Each structure stands twice: as structure tokens, then as C-alpha cells.
**Q** 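Have a look at this one.
The basis for the numbers below is simple: all heavy atoms, side chains too, and nothing from hydrogens, waters or symmetry mates. What you are looking at is a predicted structure, and each value in this text was computed from that prediction instead of being measured. One-based numbering, in listed order, for ligands and for the atoms of each.
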Amino acid sequence: MSHLMNTYARLPLAFTHGEGAWLWDTDGKRYLDALSGIAVNTLGHAHPRFTATLNAQIGKLIHVSNIYQVPEQERLADKLCALSGMQEVFLCNSGCEANEAAIKLARMYGHNKGVETPHIIVMEKAFHGRTLATLSATGSRKVQAGFEPLVKGFVRVPYNDLDAIRQVAQHNQEVVAVLVEPIQGEGGIRMLDIHYLEQLRQICDQQGWLLMLDEVQCGLGRTGKWFAHQHTGILPDVMTLAKGLGSGVPIGACLTAGKATGTFKPGNHGSTFGGNPLASTAALTTLEIMEQDRLLTNAATVGEFLLNGLRERLGKIMGVASVRGQGLMIGIELTKPCGELVGKALEQGLLINVTADNVIRLLPPLVFTQTEAQQLLDMLCPLVTEFLARE
Ligand SMILES: *Cc1c(COP(=O)(O)O)cnc(C)c1O
């Protein structure tokens with residue numbers, strides 16, 4: 001009997017070490033990692049320069065308090081703002097914490113404007129985390145059930161539906177912000193229409209709302225740009241990051257620009273660990289290596305190769321509803337639940353994930369090579385074809 005709290009239905013294997021996009025289990029079997037710990041291991045496993053830099057940092061300093069200056073944090077914030085065009089950064093330890101910061105910031109922004117009960121527009125099938133506020137913002141009954149009463153102050157609309165947002169604007173004077181994932185991850189790799197964000201930006205400007213983008217999963221190079229919204233011309237007021245930021249070392253960030261900047265004052269928000277020297281060095285080094293190794297370009301080209309290969313081999317098969325994605329964030333939607341494919345892939349030595357019941361999700365590390373993408377295609381496509389041919 002395990003003494004771990006029973007929060008995960010875990011697969012029956014454990015890993016001992018990894019290298020690049022490959023992992024080895026306790027029996028010495030090798031796996032191609034097309035999941036990266038759910039979009040976390042940006043640089044793959046055991047990247048030599050990343051490992052060396054972190055080792056050196058651990059030998060110097062792991063943690064001091066945020067009651068002191070933390071130069072590593074300042075360098076990270078400078079870098080994140082240079083890459084994004086944002087202005088201020090709050091550092092925390094995870095995606096839900098980054099979104100908690102965004103939600104608190106939106107409420108304070110509202111109160112500062114004289115809105116007594118600030119509301120935030122959120123989306124159906126959204127995922128923002130599992131703290132009370134972020135699970136309340138999440139659009140999944142499975143995540144919320146059993147934890148009522150939920151946190152109030154969220155108005156839910158369908159994803160990708162600007163008219164629904166315009167309707168809320170007409171009837172609800174208490175709205176202060178919109179929180180949206182540019183690509184929904186847990187929701188099934190669902191993408192926004194090409195002009196959605198630009199038009200949403202306009203609505204937010206007209207209404208004085210904050211446009212808050214949850215880029216916890218789709219940000220940090222995964223789609224071939226530093227941030228997914230950079231495929232459009234807009235700048236958000238708030239953006240949250242986490243997963244891939246520290247390449248496996250826990251760190252999250254909430255960034256502000258424009259009218260959201262300057263909302264928090266000393267004492268309004270904080271985090272004991274947030275942005276400690278080790279985590280900040282991990283994030284800064286991740287960003288530097290992404291630049292040196294041209295991982296954005298790699299994500300774009302290998303992602304396109306993968307998407308084309310999947311479309312060619314699966315696109316016309318009965319039972320495949322859609323193959324979609326951007327860069328190395330790819331979903332294959334089937335017409336029936338396909339959770340069992342995770343175990344079948346495991347037998348073949350391939351790590352994938354299924355989300356929203358019927359969407360195969362691929363989130364390989366950004367160091368994924370075209371050869372590895374070909375290996376992925378050769379392992380995955382026959383599995384899917386066979387699975388759909390049964391019955
Ligand atoms: C994973 C995820 C979160 C939550 O991140 P945690 O680090 O697990 O708290 C929030 N938003 C999105 C879009 C995510 O994919």
C-alpha cells in the first residue's frame with residue numbers, strides 16, 4: 001500500500017534517467033517522450049548546459065527570501081519583458097499560482113476603478129488550475145465537483161464566440177477582465193479563430209477590461225513563437241506562464257502590460273519560494289538555451305513536419321475527427337474515447353497523453369528532431385489505425 005494520497009491513477013512504471021527526448025524505465029526499457037511531463041521539459045532531459053548551470057547555482061545559492069533583492073529574478077524579469085513586450089513580472093511556483101495572481105490582480109484593478117463585485121469572463125472547457133479560484137475559473141465539472149461552494153465572480157461563455165462576449169458586455173457592468181487560453185490544452189488542443197484575439201483586444205479596449213492570456217501550456221516557444229498570442233499582432237494586459245518556463249524546475253510567472261501595470265503594491269501579494277535564485281536561474285537558462293539552440297524555429301519546423309505526417313497518415317481515416325495544432329502542440333481528435341491508446345503506446349516505447357477523453361495530445365520537448373518525429377509517426381499512426389479498425 002502506498003502512503004501517497006490517491007490523487008493520480010498512475011501508470012505502472014517509473015523512470016530512472018533521461019537524455020534529450022528519451023527516457024529509461026527501471027527495467028532499462030527506452031521510451032520516446034512525446035509529452036515532456038505535460039509541456040514542462042522544454043529542453044528535454046539532462047540537457048548538458050542546463051545541468052551544468054543549475055549545478056553551479058545550487059553550489060552558490062538555492063533560496064533567500066523575497067524580502068531581499070534577488071538579482072537572478074531581475075535578470076529573468078528583464079528577459080521575459082524583452083521577449084514579450086510586457087512590463088512587470090510577478091514570480092511564483094506553478095500555473096495555478098500564476099493564474100491566482102492574475103485573478104487577484106483583475107479584482108484589485110476592478111476595485112481601483114470603483115467596481116464593487118468585479119467579474120471575470122472565462123471560457124467553456126478552459127483549464128486554469130486546481131486551487132479554489134482557478135478551479136472555479138476552469139470550465140470542467142469534473143475538476144469542480146465536490147469542492148463547492150465555488151469562488152464567485154466568473155461569467156462563462158463558449159470558447160471562440162465573440163458574440164457571447166459582446167452580449168455579456170451589454171448586460172454586465174461589473175466585468176473587469178477576460179481570461180482565455182490562446183490554445184486550450186486540457187480542453188483538447190482547441191484553437192481560436194485567426195482574428196478572435198484581435199477582436200477580443202478591441203472589445204477589451206472599448207470596455208476598459210483586462211485581456212488576460214493563460215499561456216501556461218501554449219507559451220514559451222511551444223507553438224514556434226515565444227508566446228502563442230505572438231502569432232497575432234496583439235499584446236495582452238496580463239499573461240500567465242509556468243509549465244515550460246523552468247524546463248522542469250517549478251516556476252510560474254504573471255506578467256502585466258499597459259493598464260494592468262502597477263496594480264499590486266507592497267503587501268498585496270507574495271510567495272515564499274517565488275522566483276528563488278535556483279528557479280530563476282533555471283528559467284533564465286532555459287530562455288538562453290532556447291535562443292542559442294534556435295528551439296523556436298525547431299518547434300515550428302518539426303511541428304509542421306509532424307502535423308503534415310499525421311494529416312497524411314490519419315487525416316482521412318474513419319474515426320479521426322480532426323488533426324490540429326501549432327508547432328509542437330498537437331491534438332488528434334477521434335470520434336470515440338481513446339484513453340487505452342496511452343497504454344498501447346507505452347508498450348511500444350512511446351509516451352503520449354489523451355485529454356478531453358478523445359483527443360490524443362502530443363507535447364514533445366522543443367529539442368525534438370525530425371528523426372524523432374518520424375519515429376513518433378511510425379509508432380503512433382499504426383496504433384491509431386488499428387484502434388479505429390476494431391469493432
Ligand atoms: C497546467 C495548466 C495550468 C495549471 O498549472 P499547474 O502548474 O498545474 O498549477 C493552468 N493553465 C493551463 C493552461 C495549464 O495547462
Side-chain angles (χ1 to χ4, degrees), residues 5 7-8 10 35-42 90-106 120-140 142-144 147 151 154 156 159-160 177-192 197 211-223 226-229 236 238-255 271-276 279 282-283 286 325-331 353-356 359 361-366:
M5 209 177 272
T7 51
Y8 282 92
R10 293 171 196 270
L35 188 59
S36 326
I38 315 190
V40 167
N41 301 99
T42 304
F90 173 80
L91 294 168
C92 51
N93 314 286
S94 64
C96 59
E97 284 176 69
N99 286 328
E100 282 278 342
I103 292 163
K104 283 179 69 176
L105 189 143
I120 299 170
I121 296 180
V122 291
M123 305 293 150
E124 287 174 7
K125 296 208 170 101
F127 184 81
H128 299 299
R130 291 173 177 277
T131 61
L132 264 181
T134 57
L135 76 81
S136 302
T138 289
S140 156
K142 232 161 92 181
V143 171
Q144 296 173 339
F147 301 112
V151 173
F154 296 105
R156 199 167 304 283
Y159 194 63
N160 228 345
V178 183
L179 176 61
V180 58
E181 297 156 87
I183 301 178
Q184 286 187 336
E186 305 305 305
I189 315 292
R190 298 206 304 154
M191 307 175 63
L192 290 170
L197 278 181
L211 175 54
M212 310 205 293
L213 299 183
D214 180 345
E215 294 228 14
V216 168
Q217 190 163 150
C218 63
L220 292 158
R222 184 142 293 279
T223 67
W226 282 106
F227 307 104
H229 71 267
V238 175
M239 171 169 67
T240 56
L241 303 172
K243 292 199 164 83
L245 181 55
S247 213
V249 177
I251 182 165
C254 175
L255 290 73
S271 163
T272 296
F273 292 122
N276 78 19
T286 298
Q326 195 152 33
L328 289 172
M329 183 169 191
I330 295 177
N353 171 254
V354 167
T355 189
V359 181
R361 177 167 51 165
L362 304 176
L363 299 163
L366 304 193

**Q** Test E181 against R190 for salt bridge (charged side-chain N to carboxylate O under 4.0 Å, His left out), laying out the working first.
**A** CA-CA 9 Å; E181 297 156 87; R190 298 206 304 154; over 6 Å; no
**Q** Would you say that more than 12 heavy atoms from the other residues, nucleotides or ligands in this model lie under 6.0 Å from the CZ of R130, or not?
**A**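 Not buried by this count: 12 neighbours or fewer within 6.0 Å.
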**Q** Flag the pair E186 / S140 as yes when at least one side-chain heavy-atom distance between them is below 4.5 Å, and no otherwise.
**A**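 No. Closest side-chain heavy atoms not under 4.5 Å.
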**Q** Below a 4.0 angstrom heavy-atom separation, can you tell me which part of N99, side chain or backbone, both or neither, approaches ligand 1?
**A**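 Near ligand 1, N99 shows its side chain, while the N, CA, C and O stay back.
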**Q** Counting non-hydrogen protein atoms only, what is the nearest one to atom 7 (O) of ligand 1? Give residue, atom name and distance.
**A**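 Ranking protein heavy atoms by distance from atom 7 (O) of ligand 1, first comes G95 N, 2.8 Å.
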**Q** Would you find a donor on one side and an acceptor on the other, under 3.5 Å apart, between the side chain of T240 and the backbone of V216?
**A**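 Here the side-chain-to-backbone pair does not exist.
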**Q** Identify the closest protein heavy atom to atom 11 (N) of ligand 1: which residue and atom is it, and at what distance?
**A**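 Closest protein heavy atom to atom 11 (N) of ligand 1: D214 OD2, 2.8 Å.
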**Q** Identify the closest protein heavy atom to atom 9 (O) of ligand 1: which residue and atom is it, and at what distance?
**A**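 Closest protein heavy atom to atom 9 (O) of ligand 1: C96 N, 2.8 Å.
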**Q** Can you sort out which atoms of ligand 1 are near E181, meaning under 4.0 Å from one of its heavy atoms?
**A**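 Near E181, meaning under 4.0 Å from one of its heavy atoms, ligand 1 has 13 (C).
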**Q** I want to confirm something. Looking only at heavy atoms, which of E215, K243, E186 is nearest to atom 14 (C) of ligand 1?
**A**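 Among E215, K243, E186, the closest heavy atom to atom 14 (C) of ligand 1 belongs to K243.
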**Q** Determine the sole option in L241, N93, L91 for which the side-chain contact (heavy atoms from CB on, under 4.5 Å) test with I251 is passed.
**A**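 Exactly one pass, corresponding to L91.
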**Q** Say whether H128, considering both its backbone and side-chain N or O atoms, lies within less than 3.5 Å of an N or O atom on ligand 1.
**A**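 No; the residue has no nitrogen or oxygen that sits under 3.5 Å from a nitrogen or oxygen of the ligand.
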**Q** Where the side chain of Q217 meets the backbone of A39, is there a donor-acceptor pair that is under 3.5 Å apart?
**A**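 Between the backbone of A39 and the side chain of Q217 there is no qualifying donor-acceptor contact (under 3.5 Å).
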**Q** For ligand 1, which is the ligand I care about here, please tell me if V216 has any N or O atom under 3.5 Å from one of the ligand's N or O atoms.
**A**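 No, since none of the N or O atoms of V216 sits under 3.5 Å from an N or O of ligand 1.
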**Q** Report yes if G129 has an N/O atom closer than 3.5 Å to an N/O atom of ligand 1; otherwise report no.
**A**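 Not met; the criterion fails.
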**Q** For a side-chain contact (heavy atoms from CB on, under 4.5 Å) with V178, tell me which candidate from V238, L213, I121, V122 qualifies.
**A**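 So, applying the side-chain contact (heavy atoms from CB on, under 4.5 Å) to V178 and each of V238, L213, I121, V122, only I121 qualifies.
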